[in-house]
Every structure is written in structure tokens, then in C-alpha cells.
Enquirer: 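Handing you a structure now.
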Amino acid sequence: AQSVTQLGSHVSVSEGALVLLRCNYSSSVPPYLFWYVQYPNQGLQLLLKYTTGATLVKGINGFEAEFKKSETSFHLTKPSAHMSDAAEYFCALIIQGAQKLVFGQGTRLTINP
Amino acid sequence: NAGVTQTPKFRILKIGQSMTLQCTQDMNHNYMYWYRQDPGMGLKLIYYSVGAGITDKGEVPNGYNVSRSTTEDFPLRLELAAPSQTSVYFCASSHGQGSRELFFGEGSRLTVL
């Protein structure tokens, strides 16, 4: 069975600092990996995705993630945090042929002025 | 393109009442999903459908029912509402092929008193 683990339910960084949100996965076959963002009182929206090909994936709002098969990780980074990045972030996985995404528990990102 | 539309956005129910959360998508997606989100608990899958006339249970189906008579609509029925069903409900859809990205509605906040 597949699983997704997000390390840290709450991350706090200062404005302008590096954002690093950790995601590790378990899958017996190559997965498709996603990061979703949820702003307060809104639905989830796709931030970026990895399917095949280049392992460094760039998304919206300056975020990127790197698929590292050897480490079974898909960590999300942004070089310089902005106040508008405050939100909850979800890592998710699906394998080819499956019908349902597997979500991590989410990480709430707080930005300190 | 409206995407995924959920109604109502807010609802207060009394214990034992019933109601239907509506979800419609205009992207001709085959796959549709209902999730509930409770604080700090991530997303839990209630029911999903891979096409008109086909539905299946997710992780937490008890107390809910669904139907999928058309590609566009996937209503969620709550029978005999209980306080444990107080939550935010999200409908999502996916093409089911290719990148497998989920598109989410804005959510329906339900309170059972």
C-alpha cells in the first residue's frame, strides 16, 4: 500500500527566509506526486506535480520540489517566504491505475513578519 | 469555466435532520470524490465515483450516501445528521487519465447541533 508522511504539522518561518516543507512517501511502483495548497476558507489548489521526466519541478508562486527516488522524498521549497504563503500544504501521491490519491496529513505554514 | 461548484457553502442542521450537499463539475471529468476535513486531521475520503452509475466507499462512508446519475453531478446525502458530521466537506474531480490532478470545490461548512 502507498503512504505519504509530512514531517511537521506546523512550520513557522520569518518573512524572507527559506521555506522547506518535508514529504516522504512509500510506494512499490513509481508514483505521481503532488503538492496542494489550501488558503484559509478555500478549497485545495494544485501547487505543482511530478509525473515523469525532470525531477526538479517548478510550481506557482515561486515554489519548487525535487523528486528523490533514493530518499523517497518530495520536499517543497521556496527561497524567500512571503506573508501571502501562509496556508496549509498537502503532499499527495497516486500510482498508475489507482483511482484515489493518498494525502499526507498536511503542514500549516505560518510566516512571521 | 466554473470548475467544481458546491452548494450550499454553509449549513446548520439539527441532530436527526437530513440534507444533500450538491456538487457539479463542467470539465467532463469521469472521476469525482467527496472528502471531509476536520481540524488537524487532513482529508478523509468519504465516497468516490469513476463514472456515471458507479460509486464506491472511501475511508469514512458511514452516515453518508451518494449517487452518480450524470457525469456532471455527484451529490452527497447525509441521513440522520449527528454532531460527528460537523465538518468541512470538499468535492473534487479528475479526468482519471494523464496527470491525475484533482480539482477541488470551495467547500461546504456543515454544523450539526
Side-chain angles (χ1 to χ4, degrees), chain A residues 1-11 21 23 25 27 29-54 57 59-60 65 67 87-110, chain B residues 2-7 9-10 21 23-25 27 29-51 54-61 68 74 87-110:
Chain A
Q2 296 76 41
S3 66
V4 175
T5 302
Q6 292 183 239
L7 301 174
S9 59
H10 195 173
V11 170
L21 304 183
C23 173
Y25 70 90
S27 177
V29 298
Y32 294 168
L33 292 159
F34 305 84
W35 275 100
Y36 285 86
V37 60
Q38 184 182 29
Y39 298 106
N41 300 314
Q42 294 187 25
L44 280 71
Q45 58 183 280
L46 184 69
L47 203 53
L48 50 78
K49 63 186 178 188
Y50 168 79
T51 52
T52 58
V57 180
I60 61 172
F67 171 63
E88 187 147 19
Y89 293 79
F90 292 91
C91 184
L93 166 159
I94 194 168
I95 62 172
Q96 204 163 17
Q99 296 173 339
K100 302 171 284 186
L101 262 70
V102 176
F103 281 92
Q105 288 295 97
T107 298
R108 182 166 298 278
L109 177 65
T110 301
Chain B
V4 179
T5 303
Q6 292 182 234
T7 57
K9 286 187 168 39
F10 303 94
L21 298 177
C23 175
T24 187
Q25 53 90 10
M27 297 173 282
H29 284 169
N30 290 317
Y31 289 24
M32 295 187 75
Y33 305 83
W34 274 107
Y35 292 91
R36 61 176 287 171
Q37 184 179 32
D38 301 300
M41 301 296 287
L43 293 165
K44 294 195 184 301
L45 182 64
I46 305 171
Y47 270 96
Y48 68 101
S49 168
V50 299
I54 306 169
T55 62
D56 208 346
K57 295 178 180 179
E59 304 169 75
V60 290
R68 185 94 182 270
F74 190 42
S87 189
V88 181
Y89 292 84
F90 289 99
C91 181
S93 72
S94 167
H95 185 268
Q97 305 292 330
S99 73
R100 314 300 304 276
E101 175 186 351
L102 281 182
F103 293 80
F104 283 83
E106 293 192 351
S108 298
R109 185 176 294 275
L110 176 67

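Note that the structure is predicted; figures quoted are calculated from it, not measured. First the proteins, then the strands, lettered A, B, ... as listed; each starts at 1.
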Enquirer: Do the non-hydrogen side-chain atoms of Tyr36(A) and Glu101(B) ever get within less than 4.5 Å of each other?
Expert: yes
Enquirer: Can you see which heavy atom on Phe90(B) is nearest to which on Gln38(A), and at what distance?
Expert: CZ-NE2, 3.2 Å
Enquirer: For Leu33(A), is it the side chain, the backbone, both, or neither that has a heavy atom closer than 4.5 Å to a heavy atom of chain B?
Expert: neither
Enquirer: Is it the side chain or the backbone of Phe103(B) that comes within 4.5 Å of chain A heavy atoms, both, or neither?
Expert: neither
Enquirer: Are the side chains of Val88(B) and Asn41(A) in touch, meaning some heavy atoms are under 4.5 Å apart?
Expert: no
Enquirer: Would you say Gln2(A) has more than 12 foreign heavy atoms packed within less than 6.0 Å of its CD?
Expert: yes
Enquirer: Let me confirm one number: the CG-OH distance from Leu101(A) to Tyr48(B), rounded to the nearest 0.5 Å.
Expert: 12.5 Å
Enquirer: Side-chain contact test, heavy atoms from C-beta onward, threshold under 4.5 Å: evaluate it for Phe103(A) versus Leu102(B) and give yes or no.
Expert: yes
Enquirer: Whether the side chain of Arg100(B) engages the backbone of Ala98(A) through a donor-acceptor N/O pair (distance < 3.5 Å, no angle test) should be reported.
Expert: yes
Enquirer: Checking Gln6(A) against chain B: side chain, backbone, both or neither under 4.5 Å from a heavy atom?
Expert: neither
Enquirer: Regarding Gln99(A) and Tyr31(B), is there a side-chain donor-to-acceptor distance under 3.5 Å anywhere?
Expert: no
Enquirer: Which bit of Gln6(B) comes within less than 4.5 Å of chain A, counting heavy atoms only: side chain, backbone, both or neither?
Expert: neither
Enquirer: To check you understand the geometry: which heavy-atom pair defines the closest contact between Gln37(B) and Glu88(A), and what is its length?
Expert: NE2-OE1, 4.4 Å
Enquirer: How about Gln96(A): does its CD atom have over 12 heavy atoms from other parts shown lying under 6.0 Å from it?
Expert: no
